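Okay, structure first, notes after.
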There are 2 protein chains.
Amino acid sequence: MNIGKAAAASGVSAKMIRYYESIGLIPEVARTEAGYRDYSDKDVHRLRFIRRARDLGFSVDQMAELLALWQDRGRASADVKRIALEHVAELERKARELMEMSETLSHLAGNCQGDDRPDCPIINVLSEQDGFESCHEHAQPRFGKTGIEPDRKRRASSDSTVSDSKGGGIRR
Amino acid sequence: MNIGKAAAASGVSAKMIRYYESIGLIPEVARTEAGYRDYSDKDVHRLRFIRRARDLGFSVDQMAELLALWQDRGRASADVKRIALEHVAELERKARELMEMSETLSHLAGNCQGDDRPDCPIINVLSEQDGFESCHEHAQPRFGKTGIEPDRKRRASSDSTVSDSKGGGIRR
DNA sequence: TATAAACCTTCCAACAATGGGAAGGTCAAG
DNA sequence: CTTGACCTTCCCATTGTTGGAAGGTTTATA
């Protein structure tokens with residue numbers, strides 16, 4: 001099965017399949033004589049696994065962990081559960097953050113006439129002069145670097161097994 | 001006031017101040033003889049406005065709109081309100097998406113023993129064979145986890161000769 | 001005053017995850 | 001044999017932010 005078929009069958013785009021291969025999330029797959037990637041049903045199964053994990057919001061690193069556990073018949077379900085619950089906590093944190101912003105804003109909008117006059121509590125809050133912004137003090141960084149190792153080269157011709165996949169072995 | 005002071009006073013990092021200037025969100029500021037950026041209180045006030053908008057999750061494009069309205073004494077509060085409410089809708093949509101993922105996952109985790117045996121409903125769902133996925137049907141919207149739609153249409157002149165920044169459009 | 005620390009400048013790269021597209025090779029059907 | 005639909009690799013863009021290098025400037029101190 002070529003990459004187009006595999007993409008259709010798995011729901012992961014061909015672009016992303018190549019990308020996942022390039023970063024080592026999935027092993028290099030078989031090739032035809034002409035160099036076309038050739039996917040087995042097992043490969044497609046793995047791609048579907050990935051798509052579902054992605055649809056649940058898992059990061060590439062987490063998917064790598066989950067894939068490793070999936071393959072590991074001696075896994076402890078506790079490990080899977082831990083990853084899932086950590087992710088749940090993160091999802092809830094983000095959702096809460098978004099909801100807080102949303103609530104602040106819709107409260108302000110509720111007090112805005114929304115007519116052709118300029119006066120508006122939204123603009124007023126944004127342009128407040130002083131430094132003690134009563135409610136919404138969120139000094140948090142919008143992006144946290146969650147310990148991902150830097151590594152630029154994505155050429156791993158030989159040694160497909162990526163030996164150590166603990167602690168985030170995905171290189172980009 | 002140099003950029004470090006302006007950053008401390010506004011809560012926007014020096015890096016981001018330069019970035020916002022480079023994309024045209026804020027105008028080029030005065031310079032000292034040595035080439036250091038020199039911020040007035042008015043400039044800092046604008047930066048604080050930006051920081052508050054950013055804290056409410058507004059995108060650079062929306063901040064540009066809001067800044068324009070802020071400066072416009074003949075603005076209609078309806079315009080501000082519209083921007084805010086569109087953003088609220090987007091925030092709510094994203095939050096809902098995250099919560100759905102979170103709920104699906106925590107439900108699965110709730111049925112997982114979390115012991116040293118391998119059996120685990122989370123893994124089972126991820127590796128389901130057919131296209132069954134009863135609960136979490138998402139049709140095929142196929143966008144990122146936080147669903148940031150590409151409404152990108154900004155024109156970049158393909159080369160950054162540092163010269164043109166008067167256009168008014170935000171370029172990156 | 002000399003010198004070092006603490007700034008500032010610009011430019012380049014990285015991150016997440018994905019898509020767009022070019023330049024070229026391959027395969028199937030007409 | 002040509003056409004078109006594939007495939008290949010490679011580079012670029014996205015959004016917002018940070019990190020760092022290489023070099024100039026200001027300031028505080030020895």
Side-chain angles (χ1 to χ4, degrees), chain A residues 1-8 11-23 25 28-29 31-39 50-51 53-55 57-64 90 94 140-155 168 170-172, chain B residues 1-8 11-23 25 28-29 31-39 50-51 53-55 57-64 94 141-162 170-172:
Chain A
M1 190 183 322
N2 66 24
I3 200 172
K5 298 276 175 56
V12 180
S13 72
K15 279 275 185 193
M16 288 313 294
I17 295 175
R18 293 195 197 95
Y19 172 69
Y20 290 145
E21 181 187 309
S22 81
I23 62 173
L25 177 64
E28 287 179 27
V29 78
R31 298 276 185 146
T32 67
E33 284 180 25
Y36 282 24
R37 287 178 181 78
D38 190 28
Y39 294 86
I50 285 170
R51 188 179 67 82
R54 193 197 55 182
D55 285 350
F58 284 106
S59 70
V60 166
D61 285 317
Q62 289 170 320
M63 292 195 289
E90 186 66 6
K94 285 182 193 165
Q140 60 4 52
R142 302 159 80 71
F143 274 101
K145 299 204 58 154
T146 44
I148 295 169
E149 69 175 51
D151 193 339
R152 221 69 318 273
K153 74 291 183 68
R154 44 184 54 167
R155 254 318 18 119
I170 303 298
R171 60 212 181 299
R172 306 190 165 81
Chain B
M1 189 186 318
N2 67 22
I3 200 171
K5 297 278 177 57
V12 179
S13 73
K15 281 276 187 193
M16 288 312 296
I17 295 175
R18 293 193 197 97
Y19 173 69
Y20 290 145
E21 181 186 308
S22 81
I23 63 174
L25 178 64
E28 287 179 28
V29 77
R31 300 274 187 149
T32 66
E33 283 179 26
Y36 282 24
R37 287 176 182 78
D38 189 29
Y39 294 85
I50 286 171
R51 189 179 70 82
R54 194 196 57 182
D55 284 349
F58 284 106
S59 69
V60 165
D61 284 320
Q62 290 170 318
M63 290 196 289
K94 287 182 192 167
R142 227 29 337 122
F143 39 66
K145 25 204 59 116
T146 33
I148 298 156
E149 273 288 15
D151 73 74
R152 249 60 224 120
K153 57 188 172 187
R154 200 152 357 303
R155 274 295 43 93
S157 310
S158 81
D159 204 349
S160 56
T161 8
V162 186
I170 307 295
R171 57 160 161 62
R172 315 201 147 71

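Sequence lines set the chain letters: A, B, ... in the order given, protein chains first and strands last, and positions in each chain run from 1. This is a predicted model, so every value here is computed, not measured. Every heavy atom of this structure was used, including side-chain atoms; hydrogens, water molecules and symmetry mates were not.
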**Request:** Please state how far atom CE in A/Met16 lies from atom P in C/dG20, giving the value in whole angstrom units.
**Result:** 13 Å
**Request:** Please state whether the phosphate of C/dC11, meaning OP1 or OP2, lies under 4.0 angstrom from any side-chain nitrogen or oxygen of B/Arg18.
**Result:** no
**Prompt:** According to a strict under-4.0 Å criterion, is A/Tyr20 in side-chain N/O contact with OP1 or OP2 of C/dA17?
**Reply:** no
**Message:** The side chain of B/Ile3 is closest to which nucleotide in this list: C/dG19, C/dT9, D/dG16?
**Reply:** C/dT9
**Prompt:** Roughly how far, to the nearest 0.5 Å, is CG of B/Leu25 from CZ of B/Arg54?
**Reply:** 11.5 Å
**Request:** Determine, for nucleotides 22-30 of chain C in 5'-to-3' order, which nucleotides have protein heavy atoms under 4.0 Å from the base (write B), from only the sugar-phosphate (write S), or from neither (write -).
**Result:** ---BBS---
**Item:** Heavy-atom closest pair, residues A/Val29 and A/Asp38
**Value:** CG2-O, 3.4 Å
**Fill in**
Between A/Val60 and A/Tyr20, the two heavy atoms sitting closest are CG2-CE2, 4.1 Å
**Message:** Nearest whole Å is fine: how far is C/dT18 P from A/Ile50 CD1?
**Reply:** 11 Å
**Prompt:** Going from CD1 on B/Ile3 to CE on B/Met16, what distance comes out if it is rounded to the nearest 0.5 angstrom?
**Reply:** 11.0 Å
**Item:** Closest non-hydrogen atom pair, B/Ile50 against B/Met63
**Value:** O-SD, 3.5 Å
**Request:** Please report the closest heavy-atom contact between B/Ala14 and B/Ala7, naming both atoms and the distance.
**Result:** N-CB, 3.6 Å
**Request:** Figure out the CD1/C1' separation between B/Ile17 and C/dT9, and round it to whole Å.
**Result:** 14 Å
**Prompt:** Does the side chain of A/Arg18 come within less than 4.5 Å of A/Arg37's, by heavy atoms?
**Reply:** yes
**Request:** Would you kindly give the CD-to-P distance between A/Glu28 and D/dT8, to the nearest whole Å?
**Result:** 12 Å
**Request:** Quickly work out the A/Met63 CE to C/dT18 C1' distance and round it to whole Å.
**Result:** 12 Å
**Message:** In whole Å, I'd like the distance from the CD atom of A/Glu21 to the P atom of C/dA17.
**Reply:** 18 Å
**Fill in**
Per-helix bend value, the helix from C/dT1-D/dA30 to C/dG30-D/dC1, C1' rotation axes over five pairs per end, 10° rounding, shows 30°
**Item:** Length of the NZ-C1' vector between A/Lys5 and D/dA5, whole Å
**Value:** 11 Å
**Message:** Classify B/Arg37 by what it touches in the nucleic acid, base, sugar-phosphate, or nothing, heavy-atom distance under 4.0 Å.
**Reply:** sugar-phosphate
**Message:** Just to verify, what does A/Lys5 make a side-chain contact (heavy atoms from CB on, under 4.5 Å) with, not counting sequence neighbours?
**Reply:** A/Met1, A/Asn2
**Message:** I want to check one thing: is the phosphate of C/dC8, taken as OP1 and OP2, less than 4.0 Å away from some side-chain N or O of B/Asn2?
**Reply:** yes
**Asked** Whole Å only: how far is the CG atom of B/Asp38 from the P atom of C/dC8?
**Response** 12 Å
